[in-house]
Amino acid sequence: MTSKENINIKKKTTKESNELSQDKKDSNASSSLFGWDFQINAAISLFIENIERVDTVRLEGGKEDIEIKLNNGKTIYAQAKSVERRDDYSNIISKLSKGLVTLNNGNKEQDAEKLIYITNSPNPFNNKHTMYAFIDRTRKCVDDLPPECKTKLIKIIEDLKINETFPQELFRIDVLPFESSIIERYKAVQSEVSKFFYNLNKNQFGIADKVLDVWQKEIFKNGTLVDTSITLDKSSLIWPIIAISADCNVNEDIFEGYEPCEIEEMVLCYRDVINVLANRYLFCKTIISDYSDFRTSSKKLAKDFIEENWKNYKEYFEIETSDEIREVIIKLTLQKVISNKSLIGEIKKKVNL
Amino acid sequence: MIISNLEITEGIFHKKVEFTEDVNLIFSTNNSVGKTTLIRFLLYALGYHIPSTKGINFEKCTCKIKIQTDNNEYLIIRGVNYLDVNTRDGKTTYILPNEHNQFISNVIGTNNQDLLNNLLGVIYIDQEKGWTLLNRGVVIGKIRFNIEQFVRGLSEKDCTELFNRLESVDVELKKYKQMFNLSEYQKGVSHLQGNIYHESLEENIKKEILGLQLEKGNLTIELKSLEKAINENDDFKKFIEKMKITVKSSGGEIIPVNKNTIVDFSDLQNLLYSRRIIILNEVSKIESQIKVLRRKLVKESNLAETESLIEKFDKSISKIELDSVQIMSIIEKLNAEKVEIRAQISKFTKTDDDVLLDLHGTILKYASELEVIDFIKQNRDYIFTSDLKSLSGAILHKLVFIFRLAYITALEKHLGIKLPLIIDSPSGREVEKENIEDMINILKRDFSKNQLIIASIYNYSFDSVNRIEINERLLES
């Protein structure tokens with residue numbers, strides 16, 4: 001081989017190795033992003049689970065991946081470890097080990113309500129015989145684990161030499177399905193959000209997706225703040241739910257003689273008129289007070305209040321339109337104010353805000 | 001009008017020919033020495049657009065011609081695109097071809113465009129085209145003769161409006177025919193390639209962007225309204241707090257009225273703040289989507305540039321909605337309208353009995369003399385005949401001669417002047433010697449006051465002839 005050929009081969013090899021190194025960097029970048037995304041959604045899942053007791057949420061907290069402060073002064077600490085390929089079990093045990101160490105360190109002040117290791121791997125103990133226990137969204141305390149898993153866990157804790165400090169009674173392993181494919185990725189957490197709204201009796205079409213979107217953004221934004229003392233208030237996560245639910249709220253029962261699509265069209269057409277008044281505190285307060293007095297005196301429902309009293313508010317609605325449409329707009333606005341008030345109270349109560 | 005002389009110069013070659021006001025015979029014993037060329041130089045010198053004969057380029061020659069009328073003498077120098085005309089009144093330059101009729105009009109004393117446009121067809125019979133031009137056709141080159149125009153000219157009838165209508169119908173017809181061709185092309189393209197106009201990806205992306213921009217617009221309006229409401233509520237709260245009002249509960253407790261104690265105030269504001277965040281998120285999402293689509297659009301546009309011209313053309317054509325049935329229907333209507341207008345023009349043309357009678361009379365007279373009367377229909381409209389196929393070579397030759405004599409007679413009567421008659425090769429190929437003699441006799445008898453310029457290889461029996469002989473070539477050094 002000539003020296004020139006040798007040089008060419010060297011150049012090629014260097015080029016290939018640079019490409020490989022770049023590929024590795026790209027792969028590392030994608031893994032990081034995937035991991036970050038999993039962390040955000042794991043936080044959402046844990047938040048929903050504890051929504052009534054949550055005070056604040058923080059991603060990438062001072063101690064752990066997820067820190068959820070409760071209203072009893074205690075904190076749920078969680079380590080979120082993901083795998084891009086759910087059938088990749090090569091680093092499962094090392095991830096679990098690292099998680100246990102970090103959780104143990106995080107509980108030095110003994111303020112943990114729970115120490116959770118949350119993963120998307122369906123085989124957190126690298127034992128295919130125990131995978132049956134981790135199908136779909138699972139939450140397993142130590143005592144709920146299959147015996148082989150429990151034994152392995154205890155062995156790992158011992159090997160890590162943290163058996164004396166690690167509070168097994170607080171520990172839990174969670175599996176949250178989270179695929180690398182974008183289409184499948186959020187299915188499990190979307191289901192949790194939908195279930196949450198179902199329990200609130202507010203499960204309108206598309207609401208869960210909107211709320212999840214807002215939560216992911218808010219939690220992500222907070223997690224990027226370097227100062228870990230800045231946490232996400234519960235109200236920051238709950239008010240978006242209320243705002244989104246309020247937007248979807250139209251009770252068609254009070255509009256007899258109109259098709260739902262006609263009402264929808266009027267809402268769209270006169271959205272500005274309705275919102276200007278429904279967003280104004282003085283107007284809202286007048287309606288709410290009047291309605292409250294009406295309820296006290298007659299025990300009738302909102303539908304009756306609107307039907308019997310809409311004419312009293314004509315002066316607020318100086319719009320150039322027919323009388324029939326004006327009547328519908330007034331009623332829609334009254335209905336919005338009253339139902340918003342009711343919605344706010346309902347959700348705040350259910351989530352203990 | 002009399003042609004006095006003609007002078008031709010090409011480089012070192014030169015020829016000057018003098019003409020008399022009687023009979024001028026351009027003669028050679030052989031063919032192809034330049035007789036026709038000399039005649040054509042005459043017409044070229046008078047400003048007509050005449051095709052050059054083989055071996056000589058008229059535009060490279062300098063031509064001077066002198067003509068005389070009752071009122072004036074014209075010395076004309078022909079340039080490629082102009083005539084310099086010197087008269088007693090001075091020098092005038094006429095740009096050719098636009099001002100040629102103006103020049104002729106000055107010479108023969110009429111402004112009638114129909115007569116001016118058809119003059120050459122009356123006074124000149126070309127060796128090639130002339131002897132088959134009866135009443136419609138090519139005189140020489142692109143110069144044509146049309147009997148309807150000529151008759152209208154003699155009758156001084158104005159059909160301008162009808163001709164304008166005809167022209168406008170023609171223009172429209174052309175356009176619709178183009179459209180029809182396009183629709184046929186479109187069918188062909190569809191047949192070969194299927195309907196290639198499917199909304200292109202580019203257009204879909206643009207529509208999507210527009211939709212998103214509209215959505216963004218609506219959200220922006222809502223956001224403004226929301227912010228206004230938030231500010232108004234805040235202003236109300238500040239106003240109340242400024243007043244430092246306090247209220248007493250039923251238990252006697254003094255409660256200051258502020259944002260924390262105004263019932264439902266915080267709830268409403270929190271709702272509005274959250275709604276604002278949601279809208280801002282949605283707007284941000286839409287903006288990202290628009291950015292992605294715009295990048296895609298740029299990519300698509302770049303791809304589109306690689307399309308071939310034909311592909312682009314076919315795509316554009318496929319988009320046009322063409323109803324070939326409707327177009328065809330319009331074309332038929334326009335054709336019918338055209339026929340109608342032409343019929344009106346024809347009717348209008350043929351209504352002057354005097355002119356037609358005169359022409360027909362002259363034709364009958366000479367047809368009888370030249371024994372071709374059986375071929376002439378008796379009605380005066382015969383002058384407009386299109387039936388040439390039934391006429392044999394010799395008969396047609398004579399009829400052409402007869403018709404020309406009728407034209408020149410009528411024109412001279414109308415103008416009140418004498419015109420030259422320029423005939424190239426009157427003998428033709430199929431006409432017998434006796435018949436030629438008869439034709440010459442008519443000229444001698446009835447056209448003795450006209451200047452005759454005849455080109456032939458034959459000697460004709462005129463009493464006095466100015467013989468212009470050409471030996472080997474027209475131009476000599």
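The chains referred to below are lettered A, B, ... by the order of the sequence lines, with proteins before strands, and numbering in each begins at 1. Since we're looking at a predicted model, the values are computed, not measured. Basis for what follows: all heavy atoms, side chains included, without hydrogens, waters or symmetry-related copies.
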K248(B) and E253(B) ion-paired at < 4.0 Å: no
Measure I288(A) against the heavy atoms of chain B and call it side chain, backbone, both or neither at under 4.5 Å. side chain
Between the CG atom in L225(A) and the CG atom in L232(A), the distance rounded to the nearest 0.5 Å is 9.5 Å
Given heavy-atom pairs under 4.5 angstrom as the criterion, report whether the side chain, backbone, both or neither of I230(B) touches chain A. neither
Pair count under 4.5 Å, heavy atoms only, with chain A: among L226(B), I262(B), I277(B), highest is I262(B)
Answer yes or no: is there an ion pair linking D170(B) with K174(B), defined by an N-O contact shorter than 4.0 Å? no
Quick one: what part of F236(B) sits under 4.5 Å from any heavy atom of chain A, side chain, backbone, both or neither? side chain
Centroid-to-centroid, F47(A) to W215(A), below 6.0 Å? yes
Do the side chains of D267(B) and K348(A) get close enough for a salt bridge, i.e. N-O under 4.0 angstrom? yes
Of the backbone (N, CA, C, O) and the side chain (C-beta and beyond), which part of K285(B) lies under 4.5 Å from a heavy atom of chain A, both, or neither? side chain
Check against ring-ring contact (aromatic ring centres under 6.0 Å, His included), F317(A) and Y270(A): CA-CA 11 Å; F317(A) 294 86; Y270(A) 292 95; over 10 Å; no
Quick one: what part of L271(B) sits under 4.5 Å from any heavy atom of chain A, side chain, backbone, both or neither? both
Turns out that what part of I242(A) lies under 4.5 Å from chain B's heavy atoms comes down to both
